[in-house]
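Only a predicted model underlies this, so the values are computations on that prediction, with no experimental measurement involved. Numbers restart at 1 for each chain; the letters A, B, ... are given by sequence-line order, proteins then strands.
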Amino acid sequence: MIRSHEAGTLRPEHAGTTVTLAGWVARRRDHGGVAFIDLRDASGTVQVVVRDLEAVSELRSEWCVKVVGDVRVRPEGNANAEIPTGEIEVVVSELTVLSEAAPLPFQVAEYEPGSVNEEVRLRYRYLDLRREGPARALRLRSRATHLIRTVMEENGYLDIETPYLTRSTPEGARDFLVPVRLQPGHWYALPQSPQLFKQLLMVAGMERYYQIARCFRDEDFRADRQPEFTQLDVEASFVDQEDILELGEKVVARIWSEVHGYDVPTPLPRLTYADAMARYGSDKPDVRFGNELTDLTAYFAGTEFRVFQAPYVGAVVMPGGASQPRKQLDAWQDWAKARGARGLAYILVDEDGSLRGPVAKNLSEEHLSGLAAAAGAKPGDAVFFAAGKKTPSQELLGAARLEIGRRCDLIDESAWAFLWVVDFPMFEPIEDDKGEFQGWHAVHHPFTAPTAESLETFDKDPGNALSNAYDLVLNGSEIGGGSIRIHQKDVQKRAFDAIGLSEEEAQSQFGFLLNAFDFGPPPHGGIALGLDRLVALLGGYETIRDVMAFPKTSTGGDPLTGAPTPITAQQRKEAGVDAKPRSEQPEG
RNA sequence: GGCCUCGUGGAGCAGUUGGUUAGCUCGCCACCCUGUCAAGGUGGAGGUCGCGGGUUCAAGUCCCGUCGAGGUCGCCA
């Protein structure tokens, strides 16, 4: 090593020792005869004092330097309590410039972090990551992955890699495709997840598999979505749902305990999907606050009001919402319309308990009199209603509940609200543009096992079938999900039948997996945790871009490398992008 | 694919109902300065306002288009 100590580790007990440091010039305070340099390396920063050295006036921010000097306690009154090394300084006897830096595109040593445009930061990500905040995110991520590996190894799981160049499978997200030079016209797909491979590993008798795996999905971006992202992918044989949930809890409990000293209360609370939808209008409820939905379908039975003559009528209260000006109430309508709803009916509860608003005029005295109590509203509150098909109405109210939580400051930002959502429906209806029923679609994936209760009936009554699928939710974000898989051939066939997948289609799409299942597949199940989102939540970051070393922008570009780029005619020819496949076009 | 917001020297922002040489902070360059720690002082360089078109006597400012960035809905088994 060309240095003897790390800058951020020096303390008063090092006083009197001669040290060699190497790092970057974070700041320079040149007083002429004496100059101070804040020397930064990965461990932190230390003040370096330079006297009567010509070279110091040449130094500029972010030059890479080596210094030799003596550590000493700072003179009386000059200590800086703000920084860990503030009691000492290094008096330099020798200064070497290791490399120079061009004028910076933005200030690396920023007084107010976060004030630089993200695109600029990404273009110079190597400078951005020199800063404490961004660097801390990657350190946190490394810590989390290390803890994950520790827990997985402790529990006897094998880290096994699966291919990134694989075959395109239908359903789910759009695949990223890779042309194959040796077979012009044929394409690999990048895996949306290692799902099928991990099931093959179960057939292979590996029994306990995990992988911190990169996944690829060609869909539009969000703050918590990137085209390539990382999952902790897990699969185990001879397990039931309880085993997987317990393992998932071990993982998050260890991480939160080590990182935050927070004891995750295990076993975690569980909500059925049906309860989550009924109470929170979401399959990933944020339970850091209450303000639950109320089901008023029965309450409004027999109402004259057309809008409320619906299969579901529900409500959510906005505390203090009665004092909102008309303009704001109109804004709620626009908000609801932006989510595809017709609007958001509301009633205002005045301080004297009387109800007003457009909807109030349409309700009978009988329905009005008990309404505030039925909805759980107090004087001064507003009540929002959704009426119509059950699930979309609940989702609208659930979104309203979250918006209310934010606007009314109901959310306990310091809370870690973990929970499992279980008993997901096995299928959901597919509807066309007009809302007409078209068929059934697997909610999780077509290999998800029905619950014991649904085993006999799931294909006869798909709408009510429940599956052995579960999601791990933290503070209103889904951080993982999985299921117990089907391992019996006849059950699998019935599941394919239910979603209208013929034997031929199943064979052509998943044939390799079905063939494997001819050879004594063990009962198995697993889970995948979204690592990026998990670390973002762990560290309080707003976007998963913060916890990725080189993330992409919302159009899939990387401002640093300039990817993606056009390819040359030669590359195009070699890749066989335009070649016709030898075999027939696949359907669809 | 829809909707919303943003795009002004290297960075972050301001720019009033469209009206003279586009302003501020930081950074940059030069010089001064022996105890600062967001060091300080003096002086200086650097932008024609993402791009294209239009309205107007006059556009950073209004309109249309386009590109880029962010958010959101759709989408994401």
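Pairing for G18(B) is absent, with no Watson-Crick or G-U wobble pair whose two atom distances lie under 3.5 Å. Here C62(B) sits opposite G54(B) as a Watson-Crick or G-U wobble pair (both hydrogen-bonding atom distances under 3.5 Å). With a 3.5 Å ceiling on both atom-pair distances, A38(B) lacks any Watson-Crick or G-U wobble partner. When Watson-Crick and G-U wobble pairs are counted only if both distances are under 3.5 Å, U5(B) pairs with A69(B). Applying the Watson-Crick and G-U wobble criteria (two distances, each under 3.5 Å), U25(B) pairs with A11(B).
At G74(B), none of the side-chain N or O atoms of Arg174(A) fall inside 4.0 Å of OP1 or OP2 (strictly under the cut-off). Side-chain N/O atoms of Arg29(A) include none lying less than 4.0 angstrom from OP1 or OP2 on U36(B).
Residue contacts shown for Arg72(A) include a base, since a base heavy atom lies under 4.0 Å away. Using a 4.0 Å heavy-atom criterion, one finds that Asp218(A) contacts no nucleic acid atom at all. Among the atoms of the strands shown, only primed sugar atoms or phosphate atoms (P, OP1, OP2) are found under 4.0 Å from some heavy atom of Ala223(A). If you check every strand for non-hydrogen atoms under 4.0 Å, Ala341(A) touches nothing. As judged by a 4.0 angstrom heavy-atom cut-off over every strand, Arg74(A) is placed among the base-contacting residues. Within the nucleic acid shown, Gln195(A) comes within 4.0 Å of at least one base atom, counting heavy atoms only. Residue Glu89(A) is in base contact, counting any heavy-atom pair closer than 4.0 Å across all strands shown.
When the nucleotides G71(B), A11(B), C76(B) are ranked by their closest atom to the side chain of Glu219(A), C76(B) comes out on top. The listed nucleotides are G74(B), C37(B), U72(B); the one nearest the side chain of Arg339(A) is U72(B). Closest approach to the Gln47(A) side chain among U36(B), A11(B), C73(B) is made by U36(B) (side chain taken as heavy atoms from C-beta onward).
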Below 3.5 Å between N/O atoms, which protein atoms pair up with nucleotides 23-29 of chain B? Just atom names and distances, please.
from   : atom 1 : to        : atom 2 : distance (Å)
C26(B) : O2'    : Gln107(A) : OE1    : 2.5
C26(B) : O2'    : Gln107(A) : NE2    : 2.6
C26(B) : O2     : Gln107(A) : OE1    : 3.4
C29(B) : OP1    : Arg60(A)  : NE     : 3.0
C29(B) : OP2    : Arg60(A)  : NE     : 3.2

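The residue among Val49(A) and Leu122(A) whose nearest nucleotide of RNA chain B lies closer to the 5′ end is Val49(A).
Distance, Glu119(A) CD to G12(B) P: 10 Å, rounded to whole Å. Between Asp30(A) atom CG and A38(B) atom P there is a gap of 17 Å when expressed in whole angstrom units. Following rounding to the nearest Å, Arg125(A) (CZ) and A11(B) (P) show an atom-to-atom distance of 18 Å. In this structure, the CD atom of Glu228(A) is 16 Å from the C1' atom of C76(B), given to the nearest Å. When the P atom of U72(B) is taken as reference, atom CG of Leu402(A) falls 13 Å away, rounded to whole Å. Whole-Å rounding puts the Glu54(A) CD to C31(B) P distance at 11 Å. Rounded to whole Å, atom C1' of G40(B) lies 15 Å from atom CZ of Arg27(A). For the pair His445(A) NE2 and C76(B) P, the interatomic distance rounds to 16 Å; values are reported in whole Å.
Under the 6.0 Å cut-off for aromatic ring centres, Phe384(A) and Trp332(A) qualify, their centroids lying closer than that.
Using a 4.0 Å cut-off between charged nitrogen and carboxylate oxygen, Arg40(A) and Glu62(A) count as a salt-bridge pair. Taking the charged nitrogens against the carboxylate oxygens, Asp128(A) and Arg125(A) do have a contact shorter than 4.0 Å, which makes a salt bridge. Of the charged side-chain nitrogens involved, at least one lies within less than 4.0 Å of a carboxylate oxygen, so that Arg29(A) and Asp38(A) count as a salt-bridged pair.
Comparing the same atom, P, in A30(B) and in C67(B) gives a spacing of 43 Å after rounding to whole Å. Nucleotides U8(B) and G70(B) are separated by 15 Å at their P atoms, to the nearest Å. Atom name P, nucleotides G15(B) and C32(B): the rounded distance is 40 Å, in whole Å. G10(B) and C51(B) are spaced 13 Å apart, taking the P atom of each and rounding to whole Å. Taking the C1' atom of each, C63(B) and U56(B) are spaced 12 Å apart, rounded to whole Å. Taking atom P on both G9(B) and G47(B), the two are 10 Å apart, rounded to the nearest angstrom.
In the model, Gln507(A) has a side-chain atom that pairs as donor or acceptor with a side-chain atom of Asn515(A) under 3.5 Å. In summary, the side chains of Gln195(A) and Gln199(A) do present a donor paired with an acceptor at a separation below 3.5 Å, with no hydrogens or angles considered. A donor-acceptor contact closer than 3.5 angstrom links the side chains of Gln211(A) and Thr162(A).
In this structure, His31(A) does not pack face-to-face on the six-membered ring of G40(B), missing the 5.5 Å centre cutoff or the 30° plane limit.
In plain terms, the two heavy atoms of Ile83(A) and Arg74(A) that are nearest each other are CD1-NH2, 4.1 Å.
Each of Val49(A), Val65(A), Val48(A), Val50(A) was checked for a side-chain contact (heavy atoms from CB on, under 4.5 Å) with Val56(A), and the lone residue meeting it is Val50(A).
Counting heavy atoms from C-beta outward, Met202(A) and Tyr209(A) have side chains that approach closer than 4.5 Å. Side chains of Arg406(A) and Leu402(A) form a contact here, defined as non-hydrogen atoms less than 4.5 Å apart.
Classified by interplanar angle (parallel below 30°, tilted 30° to 60°, perpendicular above 60°), the ring pair Phe496(A)/Phe510(A) is parallel.
Between the side chain of Asp38(A) and the base of C37(B) there is no donor-acceptor pair of N/O atoms closer than 3.5 Å. Under 3.5 Å, the side chain of Asn117(A) and the base of G7(B) form no donor-acceptor pair of N or O atoms. In terms of polar N and O atoms assigned as donor or acceptor, the side chain of Arg222(A) never comes within less than 3.5 Å of the base of G70(B) in a complementary pairing. On a pure distance criterion of 3.5 Å, no polar donor-acceptor pair joins the side chain of Arg217(A) and the base of C76(B).
Surrounding CD of Glu542(A) are at most 12 heavy atoms belonging to other residues, nucleotides or ligands under 6.0 Å away.
Within residues 551-559 of chain A, the residues having any heavy atom under 4.0 Å from RNA chain B are, by residue number, Thr553(A), Ser554(A), Thr555(A).
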